[in-house]
Chemist: 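The structure follows.
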Amino acid sequence: MTANEDQEMELEALRSIYEGDERFRELSPVSFQYRIGENGDPKAFLIEISWPETYPQMAPVISMDAFFNNTISSSIKQSILDKLMTEVEVNLGTAMTYTLFEYAKDNKELLMENQPAYVAPSGGNNISVGTPDVVSSSKKKDKKEQLSKTQKRKLADKTDHRGELPRGWNWVDVVKHVSIFTLFS
């Protein structure tokens, strides 16, 4: 069987197994998320698995970069990914997405044993493992200045749809100045 046939069969199996399961989400035909634990559980986490073109002969990309995981420390995330990658190595060459999700479900307490009840959100810790050609980056956005409604209205009256001052916005003052100058000359 080719990689695409294996992927199609696994996709069909995943859809039938997780039909109606609110914790499973198909992001695309080759990318899936599964929430381990219940909503509100401080030790719940979300795993995202994406298949490269040659999956299952090649390891899937496993990521824990979802916003849902912001309260999990980066060391715990890395520990979970390391344990999942051990499972990937054992199952390489076979359909393993279901196996990885079930492994995480069955071993949730073990995987999260060192996770405190609450950790401050980790803003820029993007962690994923798998193929090296997938690189995740984080950029901090600059905070925009907050304007009042009146300030926004005045700015909108002065500027065009792109936020730029219209051409010649200050020409009136130049014309007044030139006309006054010619009067007194």
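The structure presented is a predicted model; accordingly, all values stated were derived computationally and were not measured.
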Chemist: Which value, rounded to the nearest 0.5 Å, describes the distance between S74 atom OG and N69 atom CG?
Modeler: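 With rounding to 0.5 Å, OG (S74) is 12.0 Å from CG (N69).
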Chemist: Does Q151 use its side chain to pair, donor to acceptor, with the backbone of S148 at less than 3.5 Å?
Modeler: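 Judged by distance alone, yes, a pair lies under 3.5 Å.
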Chemist: Check step by step if side chain to side chain contact (heavy atoms under 4.5 Å, CB included) holds for R23 and E38.
Modeler: CA-CA 8 Å; R23 295 174 294 191; E38 297 302 317; 3.6 Å; yes
Chemist: Any salt bridge linking K43 with E109? Criterion: basic side-chain nitrogen under 4.0 Å from a carboxylate oxygen.
Modeler: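 No, this pair does not count.
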Chemist: State, yes or no, whether a side-chain contact exists between I49 and V61 at a heavy-atom distance under 4.5 Å.
Modeler: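 They are not in side-chain contact.
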Chemist: Test your reading of the model: is there a side-chain donor-acceptor pair from T54 to the backbone of Q57, 3.5 Å cut-off?
Modeler: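 Such a contact is absent between T54 side chain and Q57 backbone.
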Chemist: If every non-hydrogen atom of E26 is compared with every non-hydrogen atom of R15, which pair is closest and at what distance?
Modeler: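 Of all heavy-atom pairs spanning E26 and R15, the closest is OE2-NH2, 2.7 Å.
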Chemist: Decide yes or no on side chain to side chain contact (heavy atoms under 4.5 Å, CB included) for F45 and L111, but give the supporting numbers first.
Modeler: CA-CA 10 Å; F45 58 95; L111 295 171; 4.0 Å; yes
Chemist: For the CD atom of Q78 and the CD1 atom of I80, what is their distance to the nearest 0.5 Å?
Modeler: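 Interatomic distance, Q78 CD to I80 CD1, rounded to 0.5 Å: 10.0 Å.
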Chemist: Under the side chain to side chain contact (heavy atoms under 4.5 Å, CB included) criterion, do E10 and Y98 qualify, and how do the steps go?
Modeler: CA-CA 9 Å; E10 185 171 3; Y98 173 78; 5.5 Å; no
Chemist: Please answer: with hydrophobic residues joined when any side-chain heavy atoms are less than 4.5 Å apart, are I17 and I36 in the same cluster?
Modeler: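 In one cluster: yes.
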Chemist: Checking E48 now: which residues fulfil side chain to side chain contact (heavy atoms under 4.5 Å, CB included) with it, not counting sequence neighbours?
Modeler: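 By the side chain to side chain contact (heavy atoms under 4.5 Å, CB included) rule, E48 matches L27, S31, Q33, S50, S63.
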Chemist: Measuring from I72:CD1 to S79:OG, what's the distance to the nearest 0.5 Å?
Modeler: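 It comes to 11.0 Å.
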Chemist: Taking side chain to side chain contact (heavy atoms under 4.5 Å, CB included) as the test, write out the residues that go with V88, two or more places apart.
Modeler: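 Scan of V88 (side chain to side chain contact (heavy atoms under 4.5 Å, CB included), adjacent residues dropped) gives A59, P60, I62, M85, L92, M96, L100.
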Chemist: Do W51 and V90 belong together in a cluster built from hydrophobic side chains that touch within less than 4.5 Å?
Modeler: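 Different hydrophobic clusters.
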Chemist: With a 4.0 Å cut-off, would you call K105 and E102 a salt bridge?
Modeler: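 So K105 pairs with E102 through a salt bridge.
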Chemist: Side chains of Y34 and D21: is there a donor and an acceptor less than 3.5 Å apart?
Modeler: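 Y34 vs D21: donor-acceptor pair found between side chains.
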Chemist: About how many Å separate CG of D6 and CG of L11, when rounded to the nearest 0.5 Å?
Modeler: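 L11 atom CG to D6 atom CG measures 12.5 Å (nearest 0.5 Å).
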Chemist: Can you list the steps and then say if T86 with Y103 is a side chain to side chain contact (heavy atoms under 4.5 Å, CB included)?
Modeler: CA-CA 11 Å; T86 303; Y103 172 82; over 6 Å; no
Chemist: State the CG-CZ distance between L14 and F24, to the nearest 0.5 angstrom.
Modeler: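 If we round to the nearest 0.5 Å, L14:CG and F24:CZ are 5.0 Å apart.
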Chemist: Quick one: are M58 and E53 in side-chain contact, heavy atoms under 4.5 Å?
Modeler: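 With C-beta onward as the side chain, the pair stays apart.
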Chemist: Given the side-chain rings of F32 and Y18, with only the six-membered ring counted for Trp, is the space between their centroids under 6.0 Å?
Modeler: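 For F32 and Y18, the ring centres are not under 6.0 Å apart.
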Chemist: From L46 CG over to N70 CG, what is the distance, rounded to the nearest 0.5 angstrom?
Modeler: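 Between atom CG of L46 and atom CG of N70 there are 11.0 Å.
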